[in-house]
Every structure is written in structure tokens, then in C-alpha cells.
Amino acid sequence: MEKKYRLATRVIHEAQEPGDWQGATLAPIFQSAAHEHQTAESLSNTFAGKGEGHIYTRLSNPTNTVLEKKLAALEGGKGAIAMASGMSAISNTCMALLRAGDNFVSSKSLFMSTYLLFVNVFKKYNITARLANILDPESVEREIDENTRFIYLETIGNPGMDVPCIRTLADLAHSHGLPLVVDSTLATPFLVNPISLGADVVVHSTTKYLSGHGNAPGGVVVDGGHFDWTGNRFGDFKPFVDRKGELALLDRIWREHHINFGTTQAPFHSYLTMIGLDTFVLRMERHMANTMTVARFLKTRPEVLWVNYPGCDDHPSHETAKKQFGKNGFGGLLTFGLKDTEACFRFIDSLKLVYHLANLGDCKTLIIHPWSTQYVAFDQGVKTGLGIRPGMLRLSVGIEDVDDITDDLAQALEAV
Ligand SMILES: Cc1ncc(COP(=O)(O)O)c(C=O)c1O
């Protein structure tokens, strides 16, 4: 679409082709495992990568392709692959970049499964995730050596809530000939387009705000298409550069990992995600406003020992977030502290409106006690090191009437 349209228009109209869909205004669900070709030559050509035909849904699917085009456009990338989950997007991207013996430098402030993948699983392949304080570019730079392949960060750390400066880290990565990979799940294109700040690859769990209804697991990798893969560190990318030029990484992710690991997105989930996208901007405006109100409310309560939300003036990442996200807001997630685990359990058990479950970015308000759930199997020292505390609650603020959210939190705080 032409650049002049704003995000709220583009989420609805990007990649729309009603003429190809019998006039339907939403892409149909192509619920087929494979696609028939009328001639032997046509199927052979499609296998050879000529044209845009489809072969088999594990490889590509027309419904998924529409979502891919929409998300690539919304992130300002040159191509995208929709996958079965955010973790598929993260693992496939990293695996495509890494070889045995390599390392990469990552923020310590990571989503729990990403942390486990990086620290535990990659070890099996002799790959080291060098965890650094992403807010301190010098400490990131100290970890880079000749075997480093990329720098990785979350736009807003989950659940750390820290906001690194993408421009600074992209410049740092590029000065060493490295790409910057950004998980922008918590920020979404509503807050920022990391590619416009120099990031090379953006991954999302579309399960969250992009779909918005907590009903469609999914992920996406968006390739900015501006990284130079012919540099010294990436000689092994030559076949992919020869084949796909600026989209060499996306080709490698697809060809080596996505199709062979079978991390296919269900076309139905792409369809649900696109329904969600139509109302994305409206929902995000409400998430941002509600979360700010809830953060301010929590700060007034004596039972609440601390509130961690980059929208608060006293938050260590407030200035960076303001600069990076402009007037758009500070995200829909926050953490806050009660006295201990018992207080958190009493609080959760007293909630009447807020859902208690392991997700975020739903239009409903959601709560979880990370210490006893997502991190329950973690070594105590490790979880403390990651900033997870017994009295910490993570709240994903929904789009209900904000007075109903704060009323529910207030009555549950009375029970603490
Ligand atoms: C920041 C972040 N990245 C990635 C993921 C993984 O996404 P999925 O659950 O869709 O695999 C999550 C899930 O909560 C997340 O919060």
C-alpha cells in the first residue's frame, strides 16, 4: 500500500486482494494439505522456486501468505514467514543464524521459554548464549568475539519491563558486522517498528496483541532485508544470497528450518489473526490507556510494594521508552509486588473479573504469579538473578472498562 496511509488503515487494508477471493473482504481459509497443479511443468517449476504457486501447506499456504504480507508491511520489512508459534519464529531464526561452536549476545531480560532455549537447549549444539545487560551497550560489546553471529533483545523485556535503545544496539551490532534480532511481541508495530531503527530481523508471538483474542497461537519472522550477508562472518550464507539476495536469511530460515522442522502455521490461525488485526489499533489504544491507569492505581495502594511499568516517570527505562515509542504508550504489561507468595495467592484467589492464566496480550485482563508457575522448575538462584521474586505478579491489562479492572484489583487487594 501507499505510504500515506496510517497504521489504523493499513492493518485493515494491507495485502487485501478481494478480486482473488470472489469478492470476499477477508482472505479465505485455504484448508488444504496440498495444492493441485494442472501440468507436470507447473508443479516442477513451483518446486524449482519459479513463480508464487503453492505445493504443500507445510511449505506455504495461500491464507498464511496473506498474513505474511500484512505483517511484513506493518513492520516495514521486505518479507515474512508465519509460523505455528512465537517460539517457532525465535528458534528457527536463531538456528538459521547459528552453527555448532558459535555464540550470540543476548539480553538477560527474556521471555522464559526463550531463556530456556538459549541457555539450556542450545548448549546441546555447542552454541553459547552470552547473556549481557542489554541496557549497557559496553557490556554487550565486551561479549562479542569472532564467533558471535548476532545480538538479540526484546523491545520490552518480559517480565523485566526494561526497554533497550534499539538504534544504539543496531549500530553496535553493525559496527561488528552482526545483525540485530528483536522480539517485538510486547511492543508490536503500534509502539515501534524496530526495522526503522536499524534492527535486521523482527520476531513476534502473534498469539498476543496482534491476534488479540487469545484464540490463535502463532508467530512470525519479519526480515528487514537490509543486512549485508556477504560480510566476513557470513560466508556460509552465500548459497542463500545467490538465491534470494537481500532476503537470504528468510530463505535460510524457510529452507533449512521452518519446512524441515515442520513449524507450519495452521491457515485457520492465520485467518483468526487477520480478524484480530482489523481491530488491532483500537485495541492497542485501549490497552495503553488502561495499563497506565492501572499502574497509577496500583501505586496508590499500600499493599503494593512496587510497580514495574516503563510508563511510570520513575522507571529506569522511561526516557528510552518515551523516545522510542513516542506518544503511543508504554505497553500493556506490568509487574507489581505484594509481600510474598501467600499474599499473591490470596490476591489471585480473590479476583472476580481478571483471568488467572499463562498468557498476555489478550483483550481480557490476565494475571499470573511467575515464581510459582512459569519459573517453578527454575533453580532459585537463577530465577532471583532473572528478577523473579516470590511477591511478584504479572498483569496483562485488557480492554475492559478500566474502572471495572481497578475495582476488581481493589477488592482483591482488600483480601491480602
Ligand atoms: C516476549 C515473548 N516472546 C515469545 C513468546 C512465545 O510465544 P508463543 O507462546 O506464541 O510461542 C512469548 C510468549 O509469551 C513472549 O511473551
Side-chain angles (χ1 to χ4, degrees), residues 64 67 71 75 80-95 106-119 121 129 134 152-164 166 181-192 194 199 201-222 253 257-258 261-266 268-270 272-273 276-277 287 291 308 310 317 330-335 355-362 364 366-370 373-375 386-388 392 394-398:
N64 294 349
L67 177 63
L71 293 176
E75 275 298 14
I81 306 173
M83 296 184 189
S85 63
M87 286 315 300
S88 318
I90 294 165
S91 53
N92 285 330
T93 301
C94 294
M95 296 288 274
S106 170
S107 169
K108 270 192 215 150
S109 180
L110 292 171
F111 167 59
M112 175 264 311
S113 289
T114 308
Y115 177 89
L116 292 175
L117 175 75
F118 285 5
V119 174
V121 181
I134 203 72
Y152 186 98
L153 60 86
E154 294 184 2
T155 312
I156 303 174
N158 173 17
M161 297 290 117
D162 50 320
V163 181
I166 294 172
V181 181
V182 171
D183 177 345
S184 211
T185 300
L186 265 55
T188 80
F190 183 79
L191 289 187
V192 68
V201 191
V202 175
V203 292
H204 285 280
S205 166
T206 60
T207 318
K208 320 296 187 206
Y209 299 102
L210 291 169
S211 62
H213 298 85
N215 60 0
V220 70
V221 181
V222 180
I253 291 170
H257 298 275
H258 176 57
F261 289 166
T263 44
T264 312
Q265 175 60 304
F268 182 52
H269 291 190
S270 286
L272 291 174
T273 304
L277 270 180
H287 278 297
T291 312
N308 185 7
S317 289
F330 299 92
L333 196 73
L334 58 77
T335 60
Y355 279 57
H356 174 221
L357 52 77
N359 197 12
L360 62 91
D362 194 322
K364 302 162 196 77
L366 316 172
I367 198 151
I368 194 159
H369 179 242
T373 58
Q374 296 145 310
Y375 294 85
L386 292 172
I388 312 301
M392 171 177 149
R394 191 189 76 180
L395 188 72
S396 174
V397 179

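In what follows, every heavy atom counts, from backbone to side chain, and hydrogens, waters and symmetry copies are set aside. For ligands, and for the atoms within them, numbers begin at 1 and follow the listed sequence.
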Heavy-atom gap Met112 to ligand 1 smaller than 4.0 Å: no
Shortest non-hydrogen contact from Gln265 toward Gly218: NE2-CA, 3.3 Å
Per-atom contacts, ligand 1 versus Met87 - under 4.0 Å to a heavy atom: 6 (C), 7 (O), 8 (P), 11 (O)
Min N/O separation Glu154 to ligand 1 under 3.5 Å: no
Any donor-acceptor N or O pair under 3.5 Å, side chains His204, Thr185: no
Ser270-Asn64 side chain donor-acceptor pair, cut-off 3.5 Å: yes
Identity and distance of the protein heavy atom lying nearest atom 6 (C) of ligand 1: Phe111 CE2, 3.5 Å
Closest protein heavy atom (residue, atom, distance) for atom 16 (O) of ligand 1: Asn158 ND2, 2.8 Å
Distance filter under 4.0 Å to Thr207 heavy atoms, resulting ligand 1 atoms: 10 (O)
For atom 9 (O) of ligand 1, the protein heavy atom that lies nearest, with its residue and separation: Lys208 NZ, 3.8 Å
Within-shell test, Gly218 vs ligand 1, heavy atom, strictly < 4.0 Å: yes
For the student: nearest non-hydrogen atoms of Gly361 and Ser396, plus distance: N-OG, 2.9 Å
Ser184 versus Thr155, side-chain donor and acceptor atoms under 3.5 Å: yes
Derivation and outcome, side chain to side chain contact (heavy atoms under 4.5 Å, CB included), residues Tyr152 and Val203: CA-CA 10 Å; Tyr152 186 98; Val203 292; 4.2 Å; yes
Ligand 1 contact by Ile90, heavy-atom criterion under 4.0 angstrom: yes
Any donor-acceptor N or O pair under 3.5 Å, side chains Ser109, Ser107: no
Atoms of ligand 1 close to Leu360 [distance to a heavy atom under 4.0 angstrom, numbered from 1]: 16 (O)
Polar proximity ligand 1 side, Asp183 side, N/O cut 3.5 Å exclusive: yes
Any N or O of Gly86 closer than 3.5 Å to N or O of ligand 1: yes
N/O donor-acceptor pair under 3.5 Å between Asn158 side chain and Leu186 backbone: no
